[in-house]
Protein chains: 2
Amino acid sequence: MEKRRDIYQAIADPTRREIISLIARQSMNLNAIADNFDASRPAISQHIKVLTECGLVMIRQQGRERYCELKIDKLKEVTTWVEECRKYWNATIDSMENYLQELQSKNKKHGKR
Amino acid sequence: MEKRRDIYQAIADPTRREIISLIARQSMNLNAIADNFDASRPAISQHIKVLTECGLVMIRQQGRERYCELKIDKLKEVTTWVEECRKYWNATIDSMENYLQELQSKNKKHGKR
DNA sequence: TATATTTGTAAGCAAATACTTACACAATGG
DNA sequence: CCATTGTGTAAGTATTTGCTTACAAATATA
């Protein structure tokens, strides 16, 4: 569980998505979260670590408990990317025009390697 | 490169996100896509396979070329999930109320394992 | 103070991922 | 028909991932 730490990789795991859904409703401490899953407590702890490291979750220590708060705005990064794609997509006015562009590109060469 | 095939795992890889961005602008055949990356042609082919298998890309055969078309609506699944999370989040009226709910939950027990 | 609770983290491991090179094969074009 | 082009796929490999068990440490409580 090393290296890459971005939001996309964070939400790729179904367990982590469930954790996000859970703490979206209400901040919870680690054991309370782990109670909702079959995986061991350390496994959940590691998932929380991933979420924390990419800024999706913030820990608020309270005595010996650590409450996990979802930083919902971090998810905006994802929707922004999707909207960006959709914007480009819409720029190709309709599929017929799109088709014509392809015919044009067929006449171009691409040499690689 | 096996097993899990969902949209979240598909967009977790940065190269695949770039591919999606590319073909959002215009459908391209595989070699044209591969020209945009340092990775080998088979590597890109495998990425395309992942994208196809989760419904993000549709292949349109044209002679010996295979045009990759982005199925943009498939990305809606992601934004829907994010919006769902945000909805729950908004349900917790403000952070003070959220804080009080946590204090309550502290008094509940959870026993696991 | 002794004990229980809440959590982090290391070590070990099986599976998944992402690449590469090599080879196969169908469609095109001379 | 033969060489070229566009692409799929297998085999091999180094990393990354996700999980488990075991142990450490800090806070709370009887």
Side-chain angles (χ1 to χ4, degrees), chain A residues 1-6 8-19 23 27-54 57-68 102 105-113, chain B residues 1-6 8-19 23 27-54 57-69 102-103 105-113:
Chain A
M1 197 166 281
E2 303 296 328
K3 283 284 165 55
R4 250 169 65 209
R5 264 343 136 51
D6 61 67
Y8 299 96
Q9 195 255 342
I11 67 172
D13 184 84
T15 302
R16 282 196 290 267
R17 283 201 302 282
E18 278 195 71
I19 292 175
I23 62 178
S27 295
M28 302 171 82
N29 64 3
L30 199 138
N31 275 338
I33 294 171
D35 282 350
N36 291 274
F37 299 91
D38 286 335
S40 69
R41 198 259 315 155
I44 302 301
S45 180
Q46 283 160 357
H47 281 310
I48 296 289
K49 192 176 180 185
V50 172
L51 294 172
T52 304
E53 285 179 0
C54 75
V57 162
M58 222 206 46
I59 305 290
R60 188 157 42 74
Q61 186 98 28
Q62 198 144 34
R64 65 186 161 190
E65 295 174 68
R66 310 183 79 200
Y67 279 90
C68 302
E102 279 165 21
S105 74
K106 272 187 67 176
N107 299 326
K108 291 185 202 155
K109 287 195 191 80
H110 47 264
K112 192 199 171 193
R113 284 189 164 263
Chain B
M1 197 166 280
E2 302 298 325
K3 282 285 164 56
R4 248 169 66 209
R5 259 359 136 40
D6 62 67
Y8 299 96
Q9 195 254 342
I11 67 172
D13 185 84
T15 301
R16 282 198 289 267
R17 283 200 303 281
E18 278 194 70
I19 292 176
I23 63 177
S27 294
M28 303 171 81
N29 65 3
L30 199 138
N31 275 337
I33 293 171
D35 282 350
N36 291 274
F37 299 92
D38 287 334
S40 70
R41 197 261 314 156
I44 302 301
S45 180
Q46 283 160 357
H47 281 310
I48 297 289
K49 192 175 182 186
V50 172
L51 294 172
T52 303
E53 286 179 358
C54 75
V57 162
M58 222 206 45
I59 305 290
R60 186 156 43 76
Q61 187 99 26
Q62 198 144 36
R64 63 187 161 192
E65 296 175 64
R66 311 183 79 200
Y67 279 90
C68 302
E69 291 183 353
E102 280 164 20
L103 288 184
S105 74
K106 273 187 66 176
N107 298 326
K108 292 184 201 155
K109 285 195 193 82
H110 49 263
K112 193 200 169 191
R113 285 190 163 267

- line: Residues at least two apart in sequence or cross-chain that pass side-chain contact (heavy atoms from CB on, under 4.5 Å) with Glu53(B), listed by chain then number, are Arg5(B), Lys49(B)
dC19(C) OP1/OP2 closer than 4.0 Å to side-chain N/O of Ser40(B): no
message: Measure CE/Met28(A) against P/dT7(C) and give the value in whole Å, please.
response: 11 Å
- prompt: Are the side chain of Asn36(B) and the backbone of Ala32(B) linked by a donor-acceptor contact shorter than 3.5 Å?
  reply: yes
Short side-chain N/O contact to dT7(D) OP1/OP2 from Asn31(B), under 4.0 Å: yes
Nucleotide N/O to protein N/O under 3.5 Å, stretch nucleotides 9-14 of chain D:
none

query: Whole-Å distance between dT17(C) P and Asp13(A) CG?
result: 11 Å
message: With nearest nucleotide decided by heavy atoms, which residue, Thr15(A) or Ile59(B), maps closer to the 5′ end of DNA chain D?
response: Ile59(B)
task: With Asn29(A) as reference, evaluate Arg60(A), Glu65(A), Gln61(A), Gln62(A) under the side-chain hydrogen bond (donor to acceptor under 3.5 Å, both in side chains) test and give the passing residue.
output: Glu65(A)
message: What's the separation between atom OG in Ser27(A) and atom CE in Met58(A), rounded to the nearest 0.5 Å?
response: 8.5 Å
Shortest non-hydrogen contact between His47(B) and Asp13(B), atoms and distance: CE1-OD2, 3.5 Å
query: Under 4.0 Å between a side-chain N or O of His47(A) and OP1 or OP2 of dT17(D)?
result: no
Whole-Å gap separating P (dG8(D)) and CD (Glu53(B)): 12 Å
task: Would you mind reading off the distance between Ile44(A) atom CD1 and dT6(C) atom P, rounded to a whole angstrom?
output: 16 Å
task: Rounded to the nearest 0.5 Å, what's the gap from CZ on Arg66(A) to OG on Ser45(A)? Could you check?
output: 8.0 Å
Output a table of nitrogen or oxygen pairs between the protein and nucleotides 27-30 of chain C separated by less than 3.5 Å.
| residue | atom | partner | partner atom | Å |
| --- | --- | --- | --- | --- |
| dA27(C) | N3 | Arg64(B) | NH1 | 3.1 |
| dT28(C) | O4' | Arg64(B) | NH1 | 3.0 |
| dT28(C) | O4' | Arg64(B) | NH2 | 3.4 |

query: Rounded to the Å, how far apart are Tyr67(A) OH and dT27(D) C1'?
result: 14 Å
message: Taking only side-chain N and O atoms of Gln9(A), does any of them lie within less than 4.0 angstrom of OP1 or OP2 on dT17(C)?
response: no
query: Is the backbone of Ile11(A) close enough, under 3.5 Å, to the side chain of Arg17(A) for a donor and an acceptor to pair up by distance?
result: yes
Residue list, side-chain contact (heavy atoms from CB on, under 4.5 Å) with Ile48(B), at least two apart or on another chain: Ile19(B), Leu30(B), Ile33(B), Ile44(B), Thr52(B), Ile59(B), Cys68(B)
Whole-Å distance separating the CD atom of Glu65(B) from the P atom of dC25(C): 22 Å
message: Restricting to non-hydrogen atoms, name the atom on Arg16(A) and the atom on Gln9(A) that form the minimum distance, rounded to 0.1 Å.
response: NH2-O, 3.3 Å
query: Rounding to a whole Å, what distance do you find between Arg5(A):CZ and dT16(D):C1'?
result: 10 Å
query: How many Å lie between CG on Leu30(B) and C1' on dG8(D), as a whole number?
result: 9 Å
